[in-house]
**Q** 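Pasting a structure below so you can have a look.
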Amino acid sequence: MSGITLTYAVVRHPLLPVSASASVSVSPSSSTLTTKRRPRQLHYCQCTVDANSAITSGAAADDIFSVNTSSQNCDFDYLGQSTKGDLNLKYGINGHTDIAWKGPIEEVARFQAKEAEGLLKDLGIQDPSSSRHSPRGIFCSRTLNLRSITAIGYDMDYTLMHYNVMAWEGRAYDYCMENLKNVGFPVDGLAFDPDLVIRGLVIDKEKGNLVKADRFGYVKRAMHGTKLLSTQAVSEMYGRELVDLRNESRWEFLNTLFSVSEAVAYVQMVDRLDEGIISPDLGVLDYEGLYKAVGKALFRAHVEGQLKNEIMSKPELFVEPDPELPLALLDQKEAGKRLLLITNSDYIYTDKMMRHSFNRFLPNDMNWRDLFEMVIVSARKPEFFQMSHPLYEVVTTDGLMRPCFKARPGGLYSGGSAQMVENSLGIHGDEILYVGDHIYTDVSVSKVHLRWRTALICRELEEEYNALIHSREHRAKLVELINQKEVIGDLFNQLRLALQRRNKGRPAQTLAATHMDDTELTESVQNLLIVMQRLDEKIAPMLEQDGEHFSKRWGYLSRAGLWDKSHLMRQIEKYADIYTSRVSNFLNYTPFMYFRSQEQTLAHDSYSFYESRINP
């Protein structure tokens, strides 16, 4: 006999023949698998299995499944993603490697998708589609098969641990201002105000401004010192120029939450410079020179170590704990991912903060080092991704180091390079996913120079997501008013053209328009103009209010205006394959997730859709 027939009951999903609510028995004489279970709807399927490879109820998963492990021997799927890490059946069913259900695949897939949703619900597991539509979703710019990723590297600060911005950046600001005061700057009466700035703004060091640009580089909002500029003032000042981040002598992009303290200090000192109360003993200062002075004062706060010593002494005051985060990394490690920690922080600080943030949430007396196959401190990113620095091995718990010429898995190192990591692990390019919070230092450089896959951590996404939901009614009213103005404006423009042609002794666009009474035509144009002016008076302040649930000064993080994307969002889309608010969000997606990018709408999409509706 070439095979035996198995009949099994499917509980919600046909690939789970036995569930927690079913008991199983096998009849040797008939070779039939039967189930006794609680009263529920059952779906019965039948298939033939090779006799030499019969699957029993006690078979181990390793006996049934195999995993594509070698990148060189793996194919690419229809979206161009490597099939490395995909799960396969070791034994064929009816000569195939998949279950050939009867009926059109479209109907089978529709049924199974519905059944899968039900089973996830029964198991109490949040499905990824629900996660995507939540503040803690993982959002995909470029399709990424997480199964094909061999190694995942993590930044530490504002990535594996999130600081309380008011506490951490507030203390950085305090040290910065103290250093400025020590060299003679007037800082009395100033206080840290994080509401003055958001991530993604750009400092114009030439004009002493903080600006928000759209995806093309056009400035949409601006603030001189701490004073917001009017729309007219912004247009007059920036109407003929674009923000160009390649011009580093003028523009400084606020890439990360670490930029908050510096930006707040700078705009406040611009006010002091404009007031003329900065002592001439400090030399002739322009806005660019003032920026250098603030940057130097903040740099001293970091280099002298007072700030980090204070944080290490009381980490509970500065770090917001995330119990789910270590578990998300544990899932990845147990799924075969080789985890790396690559941080610019030194070893003493890294060890102290990681022990505080991780150890208490790990099972079985694990510590944070057990999660990572390789740890690199004082990495000096972004240069770490671009060139090679001397490599040292950290050999004692107090950070004593010795020169090292080759990194090995399991090691703890200082310095080195990304190429060294690739050579040590025997993997390269898109086999590595790097996760960080800095759009340039972590995401852009690793993508451009090494073609690593990238993920950006942006905690503010949660607040923005909720703000967008909160403002849906406001935005709907605003869009309705703009659409009404567009319709009225279409008629106004046509009548205006008819009036223009009449004044030139030419016929209007149509016979009916040509025969319109002069008074009727003129009054219609006047009335429509008044309506549009009143609409503008209503729309303008509503546009200013749009986004105020996130930031009263700057609006939404990802938007510049009602419909356009911000310069930050353009950077994220260009360099980050996926982005999310926190690393622990991976917990809802599993290490086997296939992230697919969403359809990108184009300006002509709505017109082609309209055409298909009226001309089917």
Side-chain angles (χ1 to χ4, degrees), residues 165 169-170 172-173 176-177 180 185 187 190-239 241-275 278 285-298 438-440 458 460 464 544 546-548 550-561 564-571:
V165 175
E169 298 304 319
Y173 169 91
C176 175
M177 287 311 208
L180 287 173
F185 282 92
V187 301
L190 297 178
F192 180 59
D193 182 3
D195 293 333
L196 287 172
V197 303
I198 61 173
R199 188 204 303 241
L201 300 180
V202 185
I203 295 176
D204 182 352
K205 293 179 278 189
E206 181 181 295
K207 299 181 183 297
N209 294 343
L210 199 56
V211 305
K212 183 178 186 181
D214 66 13
R215 57 182 165 145
F216 303 109
Y218 290 100
V219 176
K220 293 300 183 181
R221 296 192 187 190
M223 186 170 74
H224 181 75
T226 61
K227 302 174 183 65
L228 276 174
L229 300 179
S230 66
T231 302
Q232 181 175 342
V234 171
S235 298
E236 292 174 353
M237 189 175 297
Y238 292 107
E241 61 182 330
L242 300 176
V243 171
D244 184 358
L245 298 179
R246 293 171 297 182
N247 183 3
E248 297 180 3
S249 63
R250 178 175 180 182
W251 308 103
E252 186 69 27
F253 193 51
L254 305 187
N255 285 287
T256 173
L257 290 174
F258 277 131
S259 304
V260 171
S261 52
E262 180 182 38
V264 172
Y266 177 66
V267 296
Q268 290 177 338
M269 294 312 298
V270 166
D271 287 346
R272 294 292 165 99
L273 181 62
D274 291 344
E275 292 166 4
I278 294 181
L285 278 177
D286 57 9
Y287 296 123
E288 184 177 354
L290 184 62
Y291 176 79
K292 291 179 180 178
V294 171
K296 183 178 179 180
L298 187 61
H438 197 293
I439 189 66
Y440 177 72
C458 182
E460 305 97 298
E464 171 161 297
E544 289 293 324
D546 184 50
E548 67 177 7
F550 181 79
S551 170
K552 290 186 178 296
R553 290 174 177 264
W554 302 107
Y556 296 111
L557 189 80
S558 60
R559 288 163 170 75
D564 211 350
K565 299 170 184 175
S566 66
H567 209 56
L568 172 66
M569 195 64 232
R570 178 68 186 101
Q571 299 289 310

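Reckoned from all heavy atoms, side chains included, excluding hydrogens, waters and symmetry mates. The first residue in the sequence is number 1, and the count goes up from there.
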**Q** For the atom pair SG (C458) and CG (L557), what is the distance rounded to the nearest 0.5 Å?
**A**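 Output value for this atom pair is 5.0 Å.
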**Q** Roughly how far, to the nearest 0.5 Å, is the CG atom of N209 from the CD atom of E206?
**A**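 Reported to 0.5 Å precision, the distance equals 9.5 Å.
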**Q** Between D564 and R215, is the closest basic N to carboxylate O distance under 4.0 Å?
**A**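 Salt bridge between R215 and D564, a charged N being under 4.0 Å from a carboxylate O: yes.
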**Q** What pair of heavy atoms forms the shortest contact from R221 to G555, and how long is it?
**A**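 Result for this residue pair: NH1-N, 3.5 Å.
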**Q** Would you confirm whether H567, through its side chain, and V219, through its main-chain N or O, come within 3.5 Å as a donor-acceptor pair?
**A**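 A pair under 3.5 Å: no.
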**Q** Are the side chains of S259 and I203 in contact, using a 4.5 Å heavy-atom criterion?
**A**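 I203 does not reach S259 side chain to side chain.
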**Q** Considering all heavy atoms of both residues, which atom of A265 and which atom of V294 are nearest to each other, and what is their separation?
**A**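 Heavy-atom minimum between the residues: CB-CG1, 3.9 Å.
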**Q** Is the closest side-chain heavy-atom distance between S566 and K212 below 4.5 Å?
**A**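 Yes - at least one pair of side-chain heavy atoms lies under 4.5 Å apart.
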**Q** Find the distance between OG (S230) and CE (M237) and round it off to the nearest 0.5 Å.
**A**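 Those atoms lie 9.0 Å apart.
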**Q** Does some side-chain heavy atom of L290 sit less than 4.5 Å from a side-chain heavy atom of R272?
**A**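 Contact flag for R272/L290 side chains = no.
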**Q** So does D271 pair up with K227, basic N to acidic O under 4.0 Å?
**A**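 Yes, charged N to carboxylate O under 4.0 Å.
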**Q** Determine, stepwise, if the pair L201 / M223 fulfils side-chain contact (heavy atoms from CB on, under 4.5 Å).
**A** CA-CA 10 Å; L201 300 180; M223 186 170 74; over 6 Å; no
**Q** If every non-hydrogen atom of L298 is compared with every non-hydrogen atom of A172, which pair is closest and at what distance?
**A**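 The answer is CD1-O, 3.6 Å.
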**Q** Should Y266 and E252 count as side-chain neighbours, where that means a heavy-atom distance under 4.5 Å?
**A**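 SC-SC contact between Y266 and E252 ruled out.
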**Q** I'd like to check M177 versus F185 (side-chain heavy atoms, cut-off strictly below 4.5 Å). Are they in contact?
**A**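 No. Closest side-chain heavy atoms not under 4.5 Å.
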**Q** Is the shortest heavy-atom distance from the side chain of P194 to the side chain of E169 under 4.5 Å?
**A**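 They are not in contact (no side-chain heavy atoms under 4.5 Å apart), so the answer is no.
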**Q** If you count heavy atoms of other groups shown closer than 6.0 angstrom to CD of E275, is the number above 12?
**A**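 Atom CD in E275 is packed in, count exceeds 12.
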**Q** Minimum heavy-atom separation for I198 to F550, with atom names?
**A**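 Result for this residue pair: CG2-CE2, 4.1 Å.
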**Q** How long is the span from the CG atom in D286 to the NZ atom in K205, to the nearest 0.5 Å?
**A**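 So the CG of D286 and the NZ of K205 are separated by 11.5 Å.
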**Q** Hey, mind stepping through F216 and R570 against side-chain contact (heavy atoms from CB on, under 4.5 Å) and telling me if it holds?
**A** CA-CA 8 Å; F216 303 109; R570 178 68 186 101; over 6 Å; no
**Q** Measuring from E288:CD to K207:NZ, what's the distance to the nearest 0.5 Å?
**A**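 Reported value, rounded in 0.5 Å steps: 13.0 Å.
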**Q** Could I get the full list of salt bridge (charged side-chain N to carboxylate O under 4.0 Å, His left out) partners for R199, not counting sequence neighbours?
**A**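 For R199 the salt bridge (charged side-chain N to carboxylate O under 4.0 Å, His left out) partners, ignoring immediate neighbours, are E460.
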**Q** With a 4.5 Å heavy-atom cut-off, do T256 and Y440 have their side chains touching?
**A**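 The answer is no, as the side chains (C-beta and beyond) never meet within the 4.5 Å cut-off.
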**Q** How many angstroms lie between atom CZ of R250 and atom CG of L245, to the nearest 0.5 angstrom?
**A**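 Reported value, rounded in 0.5 Å steps: 12.0 Å.
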**Q** May I ask you to decide if the ring planes of F192 and Y173 are parallel, tilted or perpendicular, using 30° and 60° as cut-offs?
**A**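 Ring orientation of F192 relative to Y173: tilted.
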**Q** Starting from the C-alpha separation in whole Å, work towards a yes-or-no answer on side-chain contact (heavy atoms from CB on, under 4.5 Å) for Y218 and V234.
**A** CA-CA 10 Å; Y218 290 100; V234 171; over 6 Å; no
**Q** Within the side chain of Q268, is there an N or O that forms a donor-acceptor pair under 3.5 Å with the backbone of L190?
**A**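 Absent.
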**Q** Check step by step if side-chain contact (heavy atoms from CB on, under 4.5 Å) holds for R553 and L196.
**A** CA-CA 7 Å; R553 290 174 177 264; L196 287 172; 3.6 Å; yes
**Q** Within a strict 4.5 Å, meaning less than it, do heavy atoms of the D204 and W251 side chains meet?
**A**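 A side-chain contact exists here, since the closest heavy-atom pair is under 4.5 Å.
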**Q** Which heavy atom of Y238 sits nearest a heavy atom of A222, and at what distance?
**A**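 Reported closest heavy-atom pair: CE1-CB, 4.3 Å.
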**Q** List the atom of L254, the atom of A263, and the distance in Å for their closest heavy-atom pair.
**A**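 Smallest heavy-atom distance, with atoms named: CD1-CB, 3.8 Å.
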